[in-house]
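Keep in mind that what you see is a predicted model, and the values were worked out from it rather than measured. Per chain, numbering begins at 1; letters A, B, ... match sequence-line order.
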Number of protein chains: 6
Amino acid sequence: MFGITVRDHLMVAHSLRGAVFGPAQRLHGATFVVDATFRRRELDAHGVVVDLGAAAELLHAVLADLTYRNLDDEPDLAGVNTTTEVLARLVADRLADRVHAGALGPLPLDGIAVTLHESHVASATYERSG
Amino acid sequence: MFGITVRDHLMVAHSLRGAVFGPAQRLHGATFVVDATFRRRELDAHGVVVDLGAAAELLHAVLADLTYRNLDDEPDLAGVNTTTEVLARLVADRLADRVHAGALGPLPLDGIAVTLHESHVASATYERSG
Amino acid sequence: MFGITVRDHLMVAHSLRGAVFGPAQRLHGATFVVDATFRRRELDAHGVVVDLGAAAELLHAVLADLTYRNLDDEPDLAGVNTTTEVLARLVADRLADRVHAGALGPLPLDGIAVTLHESHVASATYERSG
Amino acid sequence: MFGITVRDHLMVAHSLRGAVFGPAQRLHGATFVVDATFRRRELDAHGVVVDLGAAAELLHAVLADLTYRNLDDEPDLAGVNTTTEVLARLVADRLADRVHAGALGPLPLDGIAVTLHESHVASATYERSG
Amino acid sequence: MFGITVRDHLMVAHSLRGAVFGPAQRLHGATFVVDATFRRRELDAHGVVVDLGAAAELLHAVLADLTYRNLDDEPDLAGVNTTTEVLARLVADRLADRVHAGALGPLPLDGIAVTLHESHVASATYERSG
Amino acid sequence: MFGITVRDHLMVAHSLRGAVFGPAQRLHGATFVVDATFRRRELDAHGVVVDLGAAAELLHAVLADLTYRNLDDEPDLAGVNTTTEVLARLVADRLADRVHAGALGPLPLDGIAVTLHESHVASATYERSG
């Protein structure tokens, strides 16, 4: 199995709902350094999983819809507890939607994984089919 | 599949038994930077795998029983060759024991992985069921 | 010259004032991974610049007053443009105030430096006398 | 499942064939920071996956055949598009060949994974059986 | 003193002249992960050293003239031994030229530093006046 | 001013004397990831501060005298409190002694700095003349 990983980041404000979150129930914020991995069992005719530049642009485009925002005010995310896990799935699903629409070419992927690093000591990952 | 990872560290003295270990047969020591990953197929009602703060405290508690010690003198580890692999399994098993006892709430995990980085160029990982 | 550095982090919401900041004028947020360096020309009688554990606790205490907050709403910061540079100076100055009050013992420092990493590709540093 | 990972690097010139590669069609170069992971379900009698020092030497020997070269001129690689993915597979396969020849002892591995980091924002991985 | 640092990278082929360089006398290549630091004693009216986005674009523009090339064939570099140190100075000097031409606004800088990381174990830095 | 930095590591057991050290008064251990920086105002005729390979070998040789040992039992260190700061100075001074003896060629250095990273959240640095 092959995989390529590209890194980018987003910076958001948000608050979390639930006593378990303690002080993170207050409006605060985070930089998420994002690693997106695209997996395929075989390489294409050029010897790549997908074009690395196109993958980086795709990740940047998906993150551009989220960054420099207060997620509590985003209509798309109304009622969503925007934990790191939930955001990792959101980014992975949006990447998959665009891949299915052809953003990285005609070949199907065998998997997508997204890791959001919220600090030097904590991260969350979501892995899904391609 | 979701995962969250928390990082902490421990600092120990020990020696390894077996000619294969060369100079590491002498009493020496290591900082192990520890990444513990908790995996679950589904998120809980709050949108998390487990509470991140509780996971960090759990890891810290497990490492507190090992750190600032000479592992060669620990009764619990008598007869154990405390390689990085063995310590990764020990930390993972102790985390699992506490998870089974309810330290992170009632929901079962689908997996635990522990990586010990012993330097900038070497690490060991142990993955187990939750 | 000796220095010791301890790392911690804070997570805040804020917005920046000025057209130069583009989308960062919107309410958003950041994780700042913070490196605080304490410098002294000579070591103390124990062979340290300052006690490492005390330095880590001091940094944690200073960051605790800022983290998990919307800086736009903090009375202490009213009218302050909370750029990464300004926050680096704020953290350094608050560390210095507590050092002068004896938080790290009686010996004076020769310098304090604080770096705030706002992502994997950007950081700001402020260096001052001890 | 256990794994140990060792890190080393190689520095090469090469060019990539295919319009998709844009400016990387020109002769250019890369440092690849290489993480090689060796996996086994059980530890050996010494409590290790394989000897860490032997694993590091094996990786260094495999990389020594590639580093400080223009890959476009290597007879072994004639007609090969030396993408990061292809090189990850090449390194993994050469490690496996030497493991099968006994370089890390008599016990079979359950898997080998090789990651080549080509920058702070991009990497490729190849995973195979042991 | 304040500083802000932005990170980017370049990927080049080159060879080094002199027996001291051993195998690096052959045509090979490198990824240089580049940290550029801009220093000023005082912040501007917005509370920044320079605009971070503009600084990142400036670094990217300077690196764009070098990346994806064989430095041995660049007319600008004819007769230059393109060691990591020499390239660090080249990048710093080109940044300074553009800063003097107004790329980051009217205020003078108090210093520029450029670090090129050529691997996970080696880097070179050049520091100059602003 | 130019600088080159090489990275290596050492693994030792030791204990620290003084109530301030708390649990670190017990015999424990550490991995120190070591960055050694060699500074010179001007480059030599080859365009380098010093030969990078020679600098890496020099650091490795200096660390070889310390690694895989219990520092409490080293005759050279009898009566020395082997804090991270003290070890940083020891490594820097031993590097300087060998540089003065010609290990990196005839040209004098303008400075040496050594940083010992004892974990992902703590390090100590010592800077001296060349």
Side-chain angles (χ1 to χ4, degrees), chain A residues 5-36 56 59-77 81-84 87-88 91 114-124, chain C residues 5-36 56 59-77 81-84 87-88 91 114-124:
Chain A
T5 300
V6 290
R7 173 168 283 195
D8 207 323
H9 72 287
L10 76 163
M11 302 178 82
V12 296
H14 69 154
S15 60
L16 299 174
R17 291 190 310 266
V20 67
F21 295 108
Q25 294 174 91
R26 299 196 297 251
L27 182 62
H28 65 289
T31 305
F32 294 109
V33 175
V34 183
D35 289 320
L59 177 60
H60 197 72
V62 164
L63 299 184
D65 290 340
L66 294 166
T67 196
Y68 292 122
R69 280 172 173 78
N70 178 359
L71 299 184
D72 294 356
D73 290 345
E74 290 296 297
D76 277 9
L77 300 173
N81 221 9
T82 55
T83 62
T84 313
L87 291 173
V91 171
V114 170
T115 297
L116 266 63
H117 304 268
E118 69 174 67
S119 74
H120 64 304
V121 291
S123 64
Chain C
T5 300
V6 291
R7 173 169 284 194
D8 206 323
H9 73 288
L10 77 161
M11 302 177 83
V12 296
H14 69 155
S15 60
L16 299 174
R17 292 189 310 267
V20 67
F21 295 109
Q25 294 175 89
R26 299 196 296 250
L27 181 62
H28 65 289
T31 305
F32 294 109
V33 175
V34 183
D35 289 319
L59 177 61
H60 197 72
V62 166
L63 299 185
D65 290 340
L66 294 166
T67 196
Y68 293 121
R69 280 170 173 82
N70 177 0
L71 300 184
D72 294 356
D73 289 345
E74 290 297 295
D76 278 9
L77 300 172
N81 220 11
T82 55
T83 63
T84 313
L87 291 173
V91 172
V114 171
T115 298
L116 266 64
H117 305 268
E118 68 174 68
S119 73
H120 63 303
V121 291
S123 64

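Of the inter-residue distances, the one linking A:L63 atom CG with A:L116 atom CG reads 8.0 Å to the nearest 0.5 angstrom.
Listed by chain and number, the residues in a side chain to side chain contact (heavy atoms under 4.5 Å, CB included) with A:V6 are A:A36, A:F38, A:L52, A:A55, A:A56, A:L59 (sequence neighbours excluded).
Pairing each heavy atom of A:A88 with each of A:A124, the nearest pair is CB-O, 4.2 Å.
Heavy-atom distances place the backbone of C:V12, and not its side chain, under 4.5 Å from chain A.
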Across chain C and chain A, what donor-acceptor pairs are shorter than 3.5 angstrom?
residue, atom, partner, partner atom, Å
C:V12, O, A:G29, N, 3.3
C:R26, NE, A:Y68, O, 2.7
C:R26, NH2, A:T67, O, 3.3
C:R26, NH2, A:Y68, O, 3.2
C:L27, O, A:N70, N, 3.2
C:G29, N, A:V12, O, 3.3
C:T31, N, A:T31, OG1, 3.0
C:T31, O, A:T31, OG1, 3.4
C:T31, OG1, A:T31, N, 3.0
C:T31, OG1, A:T31, O, 3.4
C:T31, OG1, A:E118, O, 2.8
C:T67, O, A:R26, NH2, 3.4
C:Y68, O, A:R26, NE, 2.7
C:Y68, O, A:R26, NH2, 3.2
C:N70, N, A:L27, O, 3.2
C:E118, O, A:T31, OG1, 2.8

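For the set A:V33, A:L10, A:L27, the count of heavy-atom pairs under 4.5 angstrom toward chain C peaks at A:L27.
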Go through A:L87 and A:L71 one step at a time and tell me if the side-chain contact (heavy atoms from CB on, under 4.5 Å) criterion holds.
-> CA-CA 10 Å; A:L87 291 173; A:L71 299 184; 3.9 Å; yes
